[in-house]
Amino acid sequence: MRIHPCLFYITKQLPHVNEKNTLISYNPITDEIVGEVPISRADEIPILIRNAKRSQKKWGAMERKQQLITLSKLLSICVSRTDEICETICRETGKPFSEALNTEILASLTTIDWCIDWLRRQPNTMEIHQGKLQMMIRYLGRSSYIRYRPLGVVAIISPFNFPLAIPFTQAVMSVTAGNAVILKPSSKTPISGHLIESLFLEAGFPPNLVKVISGPEIGEALTLSDVDRIIFTGSSETGRKVMASASQRLTPVTLELGGKDAMIVTEDADLKRAASGAVWGAFVNSGQVCAAVKRLIVHKDIYSYFLDLVLFETEKLKQGNSLLDPDVSIGAMIDKEAVQKMEEQVGKAVHEGGRVLIGGSAPKIPGSFFQPTIISELPPKATMWKTETFGPILLVTSYEDDDEAVRLANDSDFALTASVWTRNLERGKRMASSIRAGTVMINNVLYTYGLPATPWGGSGESGFGRTHGQWGMMELMEPHHIHVDKGNFPHDIWWFPYSSEGLELNRDMINGLFAHKGVSRLSSLLNVRKGFKDQTRR
Ligand code: TXE
């Protein structure tokens with residue numbers, strides 16, 4: 001018997017797992033049931049890995065041309081099912097339809113398109129040029145080349161905030177690199193996650209190449225299982241648990257964790273544009289974005305004027321259900337607990353001296369909403385400067401000179417993305433090059449996640465490793481080095497038995513390559529060549 005969520009609404013606890021052993025997903029605006037997915041058990045994972053490996057072999061055996069056709073089919077299916085996918089995401093997360101379109105579908109399409117181009121261009125093998133040694137290696141009849149081999153089975157564990165774009169782009173890249181994928185989406189957005197498997201199946205990928213499973217114990221069980229890499233996207237706290245579990249089998253991990261991104265606005269910036277960028281960067285997806293603008297650092301000469309611009313832009317934002325009203329810009333947060341966390345964090349910030357300039361509480365509308373909030377005058381040592389606020393809260397402060405702005409931007413354990421706004425691009429690049437973050441944008445925010453050729457990731461509390469771009473691809477393959485020696489010479493001069501002559505020859509090799517010049521260099525190299533050619537063993 002399923003108890004109507006409204007009953008639980010009163011107790012503010014919606015049951016996500018029921019006696020049918022399914023995971024239920026609720027709409028954070030209406031509390032309606034969006035759907036439910038079966039719960040997998042941890043002991044099923046070894047079978048899933050076995051099926052995935054079988055499917056990976058089938059995928060690997062496919063002609064590249066056929067693989068490209070299948071990826072193109074995936075792209076066109078995503079286009080044709082755009083509205084269905086966006087509506088599912090909106091109902092599951094409460095985010096505005098425009099965001100589902102731009103930050104979820106578009107980011108996925110650009111990534112598939114990039115993967116098709118990458119796979120088309122990817123050579124089967126690449127010869128390694130030996131630099132200074134190239135001539136000697138060639139003379140000795142030797143060569144080295146690399147074949148990139150897929151890792152095998154990649155486990156993807158993903159968060160609720162971009163329930164399609166994050167796991168889907170990681171899965172497409174993993175599969176393009178030749179891997180199979182077992183995806184565990186957030187328990188808060190399982191329906192969007194399970195959609196991903198249906199897209200791959202409909203496009204004609206082998207069954208089990210991308211398998212989506214859900215369940216409260218599956219995340220941890222995956223990190224302890226015999227997969228070949230884990231791509232984890234989530235909080236820094238959970239990221240530590242994932243890394244600890246993965247260490248038991250030495251499973252490589254890519255950790256895409258939290259953020260506390262800084263936005264520096266100089267006095268010569270295009271202030272109107274910067275204000276729009278700051279407001280979108282801070283409050284998109286109701287601020288539930290790892291790379292959202294969280295710390296606005298404004299030059300003192302324009303601080304009040306710029307703050308007025310930002311407040312003016314923020315006041316215009318409409319909050320509500322975009323499926324009923326397309327003019328809505330700020331959707332809901334993922335659940336009531338998230339709203340409660342925001343209330344607590346704002347309360348603490350005010351207690352520590354912060355001043356709420358706008359927002360600061362949940363609006364009087366049904367659903368898990370929190371008003372876009374801007375806090376000023378928060379003392380530098382206050383908690384909110386240091387901790388992740390995964391919601392629509394923006395801190396603002398001022399600075400005197402560029403060095404202080406960069407110091408303030410770097411005064412965080414997180415280092416995911418940041419931005420510098422200035423009309424003087426040289427000044428912007430100079431400041432950007434000193435900011436500790438995986439990506440620093442000049443005069444823009446956040447959107448490079450949708451530029452698949454660029455790397456995504458950070459350092460410190462934001463994790464390590466990269467997804468997207470060539471850098472992301474390199475983490476999904478193993479560079480397999482093959483060295484070929486035609487055996488033109490009877491022995492190598494560094495082989496046994498060692499002798500005084502052999503020692504001299506090795507000295508000649510060092511001198512010939514690196515120490516001597518001119519004639520003495522040549523004579524050393526000629527001795528080495530003679531040594532290699534010498535038919536007798538010493
Ligand atoms: O994360 P959680 P959420 C970060 C963002 C924020 C967090 C929000 O900064 O910190 O994600 O997402 C599963 N072993 N990013 O609340 O709670 C859990 O079921 C294995 C950064 O979802 O950490 C879910 O599927 N898995 C990112 C996933 O981990 C476990 C961009 C994440 O859950 C687990 C977007 C365990 N022990 C959000 N416990 C970036 N840097 O790009 C839970 N999970």
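For clarity, every value in this text was computed on a predicted model and none was experimentally measured. As the structure lists them, so they are numbered: ligands from 1, and atoms in each ligand from 1. Index from 1, following the sequence.
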R240 and E461 ion-paired at < 4.0 Å: yes

Per-atom contacts of ligand 1 with F160, taking only distances under 4.0 Å to non-hydrogen atoms: 3 (P), 8 (C), 12 (O), 16 (O), 22 (O)

Heavy atom of protein inside 4.0 Å of atom 29 (O) of ligand 1, strictly below: yes

Carboxylate-amine/guanidinium contact E388 K294, below 4.0 Å: no

Sub-4.0 Å heavy-atom contact, G463 with ligand 1: no

Sub-4.0 Å atoms of ligand 1 with respect to non-hydrogen atoms of S235: 1 (O), 2 (P), 4 (C), 7 (C), 10 (O), 11 (O), 23 (O)

Proximal ligand 1 atoms for G258, defined as those under 4.0 Å from one of its heavy atoms: 9 (O)

Sub-4.0 Å heavy-atom contact, S158 with ligand 1: yes

Residue-ligand contact F232/ligand 1, heavy atom below 4.0 Å: yes

Sidechain N-carboxylate O distance under 4.0 Å for K53, D228: yes

Identity and separation of the nearest protein heavy atom to atom 12 (O) of ligand 1: P159 CB, 3.2 Å

Cationic N near anionic O, under 4.0 Å, R466 to E475: no

Sub-4.0 Å heavy-atom approach of F162 to ligand 1: no

For atom 19 (O) of ligand 1, the protein heavy atom that lies nearest, with its residue and separation: K184 NZ, 2.6 Å

Heavy-atom nearest neighbour in the protein, as seen from atom 21 (C) of ligand 1, with distance rounded to 0.1 Å: L257 O, 2.9 Å

From T169, T103, T417, residue fulfilling side-chain hydrogen bond (donor to acceptor under 3.5 Å, both in side chains) relative to Y449: T169

Heavy-atom nearest neighbour in the protein, as seen from atom 5 (C) of ligand 1, with distance rounded to 0.1 Å: F390 CE1, 3.2 Å

Ligand-side contact atoms (ligand 1) for residue partner E388, heavy atom cut-off under 4.0 Å: 5 (C), 6 (C), 9 (O), 10 (O)

Which of the ligand 1 atoms, numbered from 1, are nearer than 4.0 Å to a heavy atom of G219: 14 (N), 20 (C), 26 (N)

E44 bridged to R41 by N-O distance under 4.0 Å: yes

Residue, atom name and distance, where the atom is the protein heavy atom closest to atom 13 (C) of ligand 1: I157 CG2, 3.7 Å

Beyond-backbone contact of P159 with I166, side-chain heavy atoms, under 4.5 angstrom: yes

Lys/Arg-Asp/Glu bridge criterion (N-O < 4.0 Å) met for D117, R121: yes

Matching residue for I196 among P185, P167, P163 - test: side chain to side chain contact (heavy atoms under 4.5 Å, CB included): P167

Under-4.0 Å heavy-atom contact with ligand 1, by part of W456 that carries it: side chain

For N161, the ligand 1 atoms whose distance to one of its heavy atoms is below 4.0 Å: 35 (C), 38 (C)

Residue part near ligand 1, for S462, under 4.0 Å between non-hydrogen atoms: neither

Nearest-contact summary for atom 40 (C) of ligand 1 - protein heavy atom, Å: C290 SG, 3.1 Å

Mode of T233 contact toward ligand 1 - side chain, backbone, both, neither (heavy atoms, under 4.0 Å): both

Pair F160 and F390, ring centroids less than 6.0 Å apart: yes

Backbone or side-chain N or O of S236 under 3.5 Å from ligand 1 N or O: no

Heavy atoms of other groups near F464 CZ, more than 12 under 6.0 Å: yes

For the student: nearest non-hydrogen atoms of L74 and L199, plus distance: CD1-O, 3.5 Å

I166 neighbourhood, listing ligand 1 atoms whose heavy-atom distance to it stays under 4.0 Å: 31 (C), 35 (C)

Atoms of ligand 1 close to L416 [distance to a heavy atom under 4.0 angstrom, numbered from 1]: 41 (N)

Ionic contact status for D411 with R436, cut-off 4.0 Å: no

Side-chain ion pair, E32 and R91, N-O less than 4.0 Å: no

Which segment of E237 sits under 4.0 Å of ligand 1 when only heavy atoms are counted: neither

Nearest heavy atoms of A180 and A52, plus distance in Å: CB-O, 3.5 Å

Atom 37 (N) of ligand 1: the protein heavy-atom neighbour that sits closest, reported with distance to 0.1 Å: K241 CD, 3.9 Å

Heavy atom of the protein closest to atom 39 (N) of ligand 1 (residue, atom name, distance): T238 CG2, 3.3 Å

